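Just below is one structure, and these are the notes that go with it.
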There are 2 protein chains.
Amino acid sequence: MIKEERQRLIIEKLNRDQKINLVELSQLLHVSYDSIRRDVIELEDKGLLKKVHGGAVANSYLSFKTTQGFGIDNQEVLHLTRKAQKLFENHQTILMDGGTTNFHIAEQFPKNLELTVITNSLPLAIVLNEHPKIETILLGGTYHKRYQITVGTQAMRQLEHLRVDLYLMGFNGLDPNVGVTLRNYEESVLKQKMAKSAKKVAICAITEKIHTIETYKVCDLHEIGFLVTSLKPSDPSLNDFRNKGIEII
Amino acid sequence: MIKEERQRLIIEKLNRDQKINLVELSQLLHVSYDSIRRDVIELEDKGLLKKVHGGAVANSYLSFKTTQGFGIDNQEVLHLTRKAQKLFENHQTILMDGGTTNFHIAEQFPKNLELTVITNSLPLAIVLNEHPKIETILLGGTYHKRYQITVGTQAMRQLEHLRVDLYLMGFNGLDPNVGVTLRNYEESVLKQKMAKSAKKVAICAITEKIHTIETYKVCDLHEIGFLVTSLKPSDPSLNDFRNKGIEII
DNA sequence: AAATATCTTGCAAAAAAATGCAAAAAAAAG
DNA sequence: CTTTTTTTTGCATTTTTTTGCAAGATATTT
């Protein structure tokens, strides 16, 4: 049996049972324990499962409580959020706002990553509960029930006292000419302030958002330091961004 | 059976029954008591439950419906939180901090109550999502993972700009001579500041907490305006409090 | 205060994972 | 069709994780 066939069966069984056991699988598929183990490592690298002692489990298994409403298993988002991990180093202070992309990035932080994360997103704070080495600071302000974030002058004022290494900005539209745009006015103002509080700004864009324009402008491209995308850094459609000095990841 | 599978079953049972017993579980899952105990410790570290003597109870704010827990006289809590509703009137601004009592009070707000609630508790903000006429303002600051509240100088500074009608203070101990006491130092300081930001302070005490003294003092009795208790207002054991001008509810 | 149940701690056995290596199989190159 | 190269596989060894047990400490109940 070829490797790909085996891995397909592993994923199928995982989807059925929510968990797999390596020893059991090796007997079932008549291959050595090591082969199965290596398959599982490969599948984990692709972000298709989570390896645990004794087997593997479906990707967001024990964090299902916090992922309610966020549990979209989009292949591209998974790929993106993995790539985004390159942005972070120990002992940095990071500013992150709301949105599902940021949520998934935080969810995938390595357990031993030592960061200070400043955020206005409640779901983000909650998910970081599971990362013992991450210190979380919440921005206060008016609580926006739909987006589960804080906004307003109180959050703005708190930002004035802060200076962070990196701001991971969520957004709705990205266009080479117009820059970064958003659907919500109040948030767009806050994000402008956030960008000014950071040494570098990074955005993480699914392909769908590139070349999209929304109502409220947040900032120009020259304020952006990094663009995380699932496209290859050399992709010609990214020329416009690369030319403006944005580092493609 | 792999560890993660066991832990998933524990969480599932917990969500069904609201409480679990370690011995019972170890028999049900055919593993030693120690393994279950270690699982429960891990799950507690992740904030997915709360360990108690002999078992565990649901903890996450998403399943905070745990009115029935170990050692908690939930009948009394229900009675108390009902009584506490008398404290609130439309168009007031209320300051509420963390703790299960405050959580349950907020949970029982009438759906048509129009309030502004200022809080440093994430579970409280989340539960108020379901009350469309309540505006929520969150205090920013360092996020305390265990208690799911914000603390620290940033929260203190934000309080300086606020003046509220009523502060509903959570606490650990209440004694006629010593006053209100708490187990956690950082919180006790914040609560002092909160009390100063409010026209009136109310506390809501299950009988168990009355005549109890904890490590850190928050304030004297004369700073307290209302005491909500399940005892009758005329109960002689409340004389000490009534004499100090506290209104018994 | 005694009796019972539960918790903590350290330890050793068992299970599983990681690592390095060499044979076998498959793919690519000539 | 060989030969070379690469990939895959299984095995032995070392390391890590998990597990169950026992003894003493702590908590709860009677």
Side-chain angles (χ1 to χ4, degrees), chain A residues 1-11 13-14 17-59 61-62 110-112 130-133, chain B residues 1-11 13-14 17-46 48-59 68-74 76 146 172-173 183 206-209 212-215:
Chain A
M1 181 180 328
I2 64 171
K3 196 175 63 165
E4 281 70 19
E5 169 75 352
R6 246 179 11 229
Q7 298 193 354
R8 194 178 56 79
L9 291 170
I10 292 175
I11 292 293
K13 185 167 172 58
L14 192 60
D17 303 350
Q18 296 295 299
K19 72 176 193 237
I20 51 171
N21 175 292
L22 298 195
V23 176
E24 197 181 295
L25 258 177
S26 69
Q27 292 164 355
L28 205 69
L29 300 181
H30 304 290
V31 286
S32 75
Y33 170 85
D34 292 79
S35 294
I36 296 292
R37 198 172 57 79
R38 280 184 279 241
D39 285 338
V40 166
I41 289 171
E42 274 185 40
L43 291 169
E44 181 175 45
D45 285 341
K46 289 182 188 165
L48 297 172
L49 49 74
K50 179 164 168 45
K51 204 155 120 25
V52 297
H53 194 96
V57 295
N59 226 312
Y61 184 74
L62 271 183
K111 291 290 177 195
N112 58 353
E130 295 183 23
H131 296 259
K133 300 206 167 174
Chain B
M1 177 173 345
I2 63 179
K3 195 177 62 168
E4 278 69 18
E5 169 73 353
R6 246 180 10 231
Q7 298 190 355
R8 189 175 63 86
L9 292 170
I10 293 174
I11 292 292
K13 184 166 173 60
L14 194 58
D17 304 350
Q18 300 300 322
K19 66 184 175 193
I20 51 171
N21 174 289
L22 297 195
V23 176
E24 198 181 296
L25 259 178
S26 69
Q27 291 165 355
L28 204 68
L29 299 180
H30 304 290
V31 286
S32 74
Y33 169 85
D34 292 78
S35 293
I36 296 291
R37 197 173 56 78
R38 280 185 278 240
D39 285 338
V40 166
I41 289 171
E42 272 186 41
L43 291 169
E44 181 174 43
D45 286 343
K46 289 183 183 170
L48 295 172
L49 51 75
K50 180 162 169 45
K51 207 154 113 33
V52 295
H53 194 94
V57 295
N59 180 41
Q68 32 172 303
F70 281 56
I72 298 167
D73 184 354
N74 58 68
E76 191 188 350
R146 178 153 167 216
N172 299 128
R183 288 198 205 99
I206 58 172
T207 319
E208 176 186 282
K209 284 184 183 173
T212 302
I213 301 172
E214 298 292 347
T215 316

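Treat the numbers as computed from the prediction; the structure is a model and nothing was measured. Proteins get letters first, then strands, A, B, ... in listed order; numbering begins at 1 in each.
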N-O pairing of B:Lys51 and B:Glu44 below 4.0 Å: no
Test salt bridge (Lys or Arg N to Asp or Glu O under 4.0 Å) applied to [X] - qualifying residues, sequence neighbours left out:
X        : answer
B:Arg183 : B:Glu214
A:Glu42  : A:Lys3
B:Lys209 : none

I'd like a list of close polar pairs between nucleotides 13-18 of chain D and the protein, N/O only, cut-off under 3.5 Å.
{"residue": "D:dT18", "atom": "OP1", "partner": "B:Lys3", "partner atom": "NZ", "Å": "2.9"}

Measure [atom1]/[X] against [atom2]/[N] and give the value in whole Å, please.
X       : N      : atom1 : atom2 : result
A:Leu25 : C:dA16 : CG    : C1'   : 15 Å
A:Glu24 : C:dA15 : CD    : P     : 16 Å
B:Leu29 : D:dG20 : CG    : P     : 11 Å
B:Gln27 : C:dT6  : CD    : P     : 10 Å

Per nearest nucleotide of DNA chain C, the residue lying toward the 5' end, B:Val23 or A:Asn21, is B:Val23
Under 3.5 Å, N/O pairs linking protein and nucleotides 18-22 of chain C:
{"residue": "C:dA18", "atom": "OP2", "partner": "A:Arg37", "partner atom": "NH1", "Å": "3.0"}
{"residue": "C:dA18", "atom": "OP2", "partner": "A:Lys51", "partner atom": "NZ", "Å": "3.2"}

Phosphate oxygens OP1/OP2 of D:dC21: is one of them under 4.0 Å from a side-chain N or O of B:Ser32? no
Correct closest heavy-atom pair for B:Ile20 and B:Leu25 would be CD1-CD1, 3.6 Å
State, to 0.1 Å, how close B:Ala56 and B:Leu14 come at their nearest heavy-atom pair, and which atoms those are. O-CD1, 3.7 Å
Applying side chain to side chain donor-acceptor pair (under 3.5 Å), name anything that partners B:Ser35, two or more places apart in sequence or on another chain. B:Ser32
Spatial distance of atom CG (B:Leu29) from atom CD1 (B:Ile36) [nearest 0.5 Å]: 4.5 Å
